[in-house]
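Everything on this sheet refers to the single structure shown next.
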Protein chains: 2
Amino acid sequence: MKSAVEPLKARRIYLLLRDRIVAGDMPAGARLPGEPALAAEHAVSRVTVRRALDLLEKEGLVQRKAGSGTFVHDTRSVRPIVADLSNVLSHLIDMGRSTDVKLLSFGYGAPSEAIAESLGLKPGERVQRSVRVRLIDGEPFSYLTTHVPEWLGLTYSEAELAARPLLELIERSGVTTERATQAINATLAGPEAAAALDLEIGSPLLTLTRIVYEPSGRGVEHLHALYRPDRYSFHMDLVRTGGDGERRWSPALGWPRAPEKAKPEKVKSGEKPTRVPRAIKQRS
Amino acid sequence: MKSAVEPLKARRIYLLLRDRIVAGDMPAGARLPGEPALAAEHAVSRVTVRRALDLLEKEGLVQRKAGSGTFVHDTRSVRPIVADLSNVLSHLIDMGRSTDVKLLSFGYGAPSEAIAESLGLKPGERVQRSVRVRLIDGEPFSYLTTHVPEWLGLTYSEAELAARPLLELIERSGVTTERATQAINATLAGPEAAAALDLEIGSPLLTLTRIVYEPSGRGVEHLHALYRPDRYSFHMDLVRTGGDGERRWSPALGWPRAPEKAKPEKVKSGEKPTRVPRAIKQRS
DNA sequence: GGAACCTGTATGATCGATAATACAGCTTTG
DNA sequence: CAAAGCTGTATTATCGATCATACAGGTTCC
């Protein structure tokens, strides 16, 4: 029996600490246990602990001060983009107008079986495939793979795709979009997406798969989007709509969300290192 | 300069192949390149390729036949649970009535700073913290961590929490829930969640963070949910509601999605590693 | 049947990750 | 200042992942 491919120990400790930090077990500014203590706690060597801390530091989750300790960095300083889920598509279009787009790949060819089926293509019908990366402030945050039927793709040029939202181009061609389905999931970054999004292979990604239909029911766009979770997430506000015993909820539409001004009080000098709270004891 | 913690080569190839399969590049039933060919293509040894294929086989994505080849398994046989996003909460409650729940942890204590802030607690106010795992057909698919203000948590017992949906217990106490916000994101499985969900550490997870408010604006529930993406995903149907040049969309409410029944032959069980304490069955 | 594939399995060599230890330099505390 | 703690750095040893190779046994096709 071969040993299964097990993640490295350093990675395990990195994940453990990261979870504690983002879960709020360790407030921003708190000093986490020293490297020797962490090594003893997890039964690994100090070198391995340092590797884990290296990763945390590179992600900006902690800040190390020689001679002093390792401190939880104020994570609210790097707030991710927020997409209101009740209005994703128009939101994305708005973003298409305020962010940069890099067109990585563009061409026509035979679709895969899965794409052909989801778009409802006739056998032998070809598609246009494009891969784009969206950037905000010069940093990539989404990796988009779109498939469009050939007859529709031919109505715009490669340069136009790089400059304008795809849905706008689709509608410009005379097609009316009426209905869409989308699914949200999670996956790990493969080599290509990792390179495009400036991530390590194996990083977590949010995925959105969307199919847009025209009134006749034909699919006109198949989108597979990968998002960096640290730079993008979906939000929605829900309001209660069901009867008293029903507990039914609906998305609250229309309101532009308040931009979440987090007011973190900076931890100043003269403050004693907050002892790490031993959250809530699990009972054994 | 120390080499950064880099994912194992086998893992990289596993991710690469997995992406190709789920992207539909290789239709179900197709035979993928032989192990020597894959080894040459990715400049690794055949042993490493086999490791990657072991992972794919364990996840049910491929099927290996000695002497013949490795074939893409029909992925449609393992459809994940689908939650309609336009109606998540009631959907979850419905599921609470048809799935098993294990209560892993239950207790009271001081909340973390992040929890206290999001629930709008007064300084010093305590919370009830519980960790539960939901199972469908005996297989875990979600790992739920909830925080509830102490005054509210005291209105129900530990056994009740294990048997009934939390929102139902909250409303039973007389609190009316009016508004909620939720955010969807992705992360990697830490040691605890990985063990509870029967996954390897570092597996991708869908996350849902939800805060439910009562009319006064006080938070009454903070939920942090982790979902196995192969067993759970969010779906939504969108309809066009905006004007002609507007491209505005809204979730289509109302219709419960057909659960896409597909009963695969059970591959192999053989193991029941559940060492989780206190499994409480519930069924109406 | 037999050639040419394939997967399954085993071997020893090599390289990277980890362990154990030691020490330097900085910060905080008394 | 001095003690104690911390991070930063280096060294050597060990263990696991990977490599390169070889062979066994099944499948496909001529």
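Every chain is numbered from 1 and lettered A, B, ... according to where its sequence line falls, protein lines coming before strand lines.
Whole-Å rounding puts the B:Q63 CD to D:dT27 P distance at 14 Å. Per the geometry, CZ belonging to B:R51 stands 17 Å off C1' belonging to C:dT7, to the nearest Å. Between the CZ atom of B:F71 and the C1' atom of D:dT28 there is a distance of 10 Å, given to the nearest Å. Rounding to whole angstrom units, CD of residue B:E35 and C1' of C:dC6 are separated by 8 Å. If you take CD1 of A:I13 and C1' of C:dA19, they are 12 Å apart, rounded to a whole angstrom. Between the NE2 atom of B:H42 and the C1' atom of D:dT18 there is a distance of 16 Å, given to the nearest Å. Counting to the nearest Å, the P atom of C:dG16 and the CG atom of B:L8 are 14 Å from each other. Rounding to whole angstrom units, CG of residue A:D54 and P of C:dA17 are separated by 13 Å.
Side-chain contact check for B:F141 versus B:L197: every heavy-atom pair is 4.5 Å or farther apart. In this structure, B:H73 and B:V62 have side chains that are not in contact, with every pair of non-hydrogen atoms separated by 4.5 Å or more.
Between the side chain of B:R228 and the backbone N or O of B:P204 there is no donor-acceptor pair closer than 3.5 Å. A donor-acceptor pair is defined here as one N or O able to donate and one able to accept, closer than 3.5 Å; no such pair exists between the side chain of A:R51 and the backbone of A:R11.
Contact annotation: A:S68 does not reach the phosphate of C:dT27 (side-chain N/O to OP1 or OP2, under 4.0 Å). Within the 4.0 Å cut-off from OP1 or OP2 of D:dT21, not a single side-chain nitrogen or oxygen of B:S45 is found. Checking the phosphate oxygens (OP1, OP2) of D:dG8, a side-chain nitrogen or oxygen of A:R50 falls inside 4.0 Å. Residue A:K9 places at least one side-chain N or O under 4.0 Å from the OP1 or OP2 atom of C:dA19.
Ring pair A:H222/A:H147 is perpendicular by interplanar angle, where above 60° counts as perpendicular and below 30° as parallel.
Closest to the B:P36 side chain, of the nucleotides D:dT7, C:dT7, D:dC19, is C:dT7. Residue A:V47 places its side chain closer to C:dA19 than to any other of D:dT7, C:dT7, C:dA19.
When the nearest nucleotides of DNA chain D are assigned to A:G67 and A:R46 by heavy-atom distance, the more 5′-ward of the two goes with A:G67.
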